[in-house]
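The next block holds one structure in the form of structure tokens; read it before the comments.
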Amino acid sequence: MSSSELCLERPLFGGAITSAFPQRFQDASNIRQVPDHQEVFVDPSRDESLIFELLDFKSDVGDNGSASWFLQDLAREQDAEAFKLIEQSQVIEAPGLSFRNIPAVVTSAVGDMAISKGRQGREAQNLVRVYVANLRLKGVETDVLVTAYEPILINPLSESANAVGSGLAVPASQSGILPMCDVIKHAVSTFRVNDWSLFGSSA
């Protein structure tokens, strides 16, 4: 990592889970309402965000390409246009996340999409690179999604333009900070479950 940026271990879901990522990401629940099954962190100065989400395990989605499936689902949900899948990983076993000897796996995917903020219309779309990691905790029938949003091109009509300016986003490397592709890698590699009872009766 060329950046000198410090990654701190942060408690998620009341400390039942921990993960480490840069200090510049602030807990969005201090600013707005966040659903119980999500933890949302934002860097307002760059309009970047990192989201942890706990979902019921989708048994109809195979492990191979699962992150791409969730990424496309996300694009649909956000009414994205010009969706383009850039890369997807193999299925990797995550020995540290197995429960009762039932193995857990991780897949990841990266895509670009044009999305508008909140209730803004299509004329205010930003081009955003979205990174998704899907941690499949099969022992507790849970799909964990870690999603990182990195704006590439900010539309002058977007709300984001007020905070970060319009046009091409300044690359992280130029700002001496960890780029989002590394932020999500670090968050996933340091992801730990400290209290499996978070996942309810199956645990």
Side-chain angles (χ1 to χ4, degrees), residues 1 7 9-13 15-22 25 35-41 48-78 80 82-113 115 127-150 152 172 178-203:
M1 291 179 196
C7 287
E9 188 177 272
R10 316 281 268 271
L12 308 173
F13 304 103
I17 292 173
T18 47
S19 170
F21 45 91
F25 288 93
D36 285 346
H37 70 291
Q38 286 185 353
E39 290 277 16
V40 179
F41 296 87
E48 292 177 339
S49 54
L50 184 66
I51 300 170
F52 297 84
E53 196 169 0
L54 306 178
L55 303 169
D56 288 333
F57 186 76
K58 282 224 176 316
S59 51
D60 54 336
V61 175
D63 291 344
N64 204 1
S66 68
S68 312
W69 186 90
F70 281 110
L71 183 60
Q72 278 162 345
D73 191 50
L74 214 68
R76 266 196 307 275
E77 228 172 74
Q78 307 202 17
F83 173 73
K84 189 168 91 218
L85 182 67
I86 296 172
E87 58 178 75
Q88 53 179 334
S89 74
Q90 305 294 317
V91 178
I92 301 156
E93 209 166 297
L97 296 173
S98 64
F99 182 74
R100 294 201 175 131
N101 295 328
I102 301 171
V105 296
V106 183
T107 63
S108 59
V110 183
D112 286 349
M113 56 184 86
I115 40 184
L127 181 62
V128 181
R129 180 152 295 175
V130 184
Y131 304 83
V132 170
N134 175 206
L135 291 71
R136 313 206 81 186
L137 308 183
K138 298 180 183 185
V140 285
E141 295 170 2
T142 301
D143 268 315
V144 179
L145 284 194
V146 185
T147 311
Y149 288 87
E150 174 182 45
I152 298 173
L178 211 54
M180 285 312 269
C181 58
D182 291 334
V183 169
I184 189 168
K185 272 183 199 144
H186 196 74
V188 170
S189 66
T190 56
F191 185 97
R192 297 281 172 277
V193 178
N194 305 311
D195 181 3
W196 288 94
S197 69
L198 170 71
F199 302 103
S201 56
S202 54

Set out, in order, the CA-CA distance, both residues' side-chain angles and the distance that settles side chain to side chain contact (heavy atoms under 4.5 Å, CB included) for Leu74 and Phe83, then state yes or no. CA-CA 10 Å; Leu74 214 68; Phe83 173 73; over 6 Å; no
Kindly write out the residues that satisfy side chain to side chain contact (heavy atoms under 4.5 Å, CB included) with Pro35, not counting sequence neighbours, or none if the list is empty. His37, Gln38
Heavy-atom nearest pair, Ser197 first then Asp195, reads OG-OD1, 2.7 Å
Find out whether Asp112 and Ile86 are in side-chain contact, i.e. whether some heavy atom of one side chain is under 4.5 Å from a heavy atom of the other. yes
If every non-hydrogen atom of Phe199 is compared with every non-hydrogen atom of Ile17, which pair is closest and at what distance? CZ-CD1, 4.2 Å
Sequence neighbours excluded, which residues qualify as salt bridge (Lys or Arg N to Asp or Glu O under 4.0 Å) partners of Glu150? none
Working to the nearest 0.5 Å, report the span between CG of Leu55 and CG of Leu145. 5.0 Å
Using only atom types and a distance under 3.5 Å, with no angle test, would you say the side chain of Glu48 pairs donor to acceptor with the backbone of Ala148? no
Partner residues of Ser68 under the side-chain hydrogen bond (donor to acceptor under 3.5 Å, both in side chains) criterion, sequence neighbours left out: Gln88
Residues 101-111 side chain polar contacts: donor-acceptor under 3.5 Å, at least two apart:
residue	atom	partner	partner atom	Å
Thr107	OG1	Ser66	OG	2.7
Thr107	OG1	Ala67	N	3.1
Ser108	OG	Ser89	OG	3.3

Residues at least two apart in sequence or cross-chain that pass side chain to side chain contact (heavy atoms under 4.5 Å, CB included) with Ala82, listed by chain then number, are none
With sequence neighbours excluded, tell me which residues meet salt bridge (Lys or Arg N to Asp or Glu O under 4.0 Å) with Arg10. none
side-chain hydrogen bond (donor to acceptor under 3.5 Å, both in side chains) with Gln90: which residues, sequence neighbours excluded? none
Could you check if a side-chain atom of Phe99 sits within less than 4.5 angstrom of a side-chain atom of Leu137, using non-hydrogen atoms only? no
To the nearest 0.5 angstrom, please state how far the CD1 atom of Ile51 sits from the CZ atom of Phe25. 11.0 Å
When rounded to the nearest 0.5 angstrom, what distance separates CE in Met113 from OH in Tyr149? 6.5 Å
For residues 58-65, tabulate all N or O donor-acceptor pairs below 3.5 Å that involve a side-chain atom, not counting sequence neighbours.
residue	atom	partner	partner atom	Å
Asp63	OD1	Arg136	NH1	2.9
Asp63	OD1	Lys138	NZ	3.3
Asp63	OD2	Lys138	NZ	2.5

Test of understanding: with side-chain hydrogen bond (donor to acceptor under 3.5 Å, both in side chains), list the residues that count as partners of Thr190, not counting sequence neighbours. none
Per the ring pair (Phe, Tyr, Trp, His ring centres under 6.0 Å) rule, what does the pair list look like for residues 48-73, sequence neighbours excluded? Phe21-Phe52
At what distance, to the nearest 0.5 angstrom, does CG of Leu12 lie from OG1 of Thr18? 7.0 Å
Mind listing the closest non-hydrogen atom pair of Pro179 and Ala172 along with its distance? CA-CB, 3.5 Å
Value for CG (Leu50) from OG1 (Thr147), rounded to nearest 0.5 Å, stands at 8.5 Å
Test side chain to side chain contact (heavy atoms under 4.5 Å, CB included) applied to Leu54 and Leu135, Leu198, Asp143, Val140, the passing residue: Leu198
Quick one: list whatever passes side-chain hydrogen bond (donor to acceptor under 3.5 Å, both in side chains) with Gln72, sequence neighbours left out. none
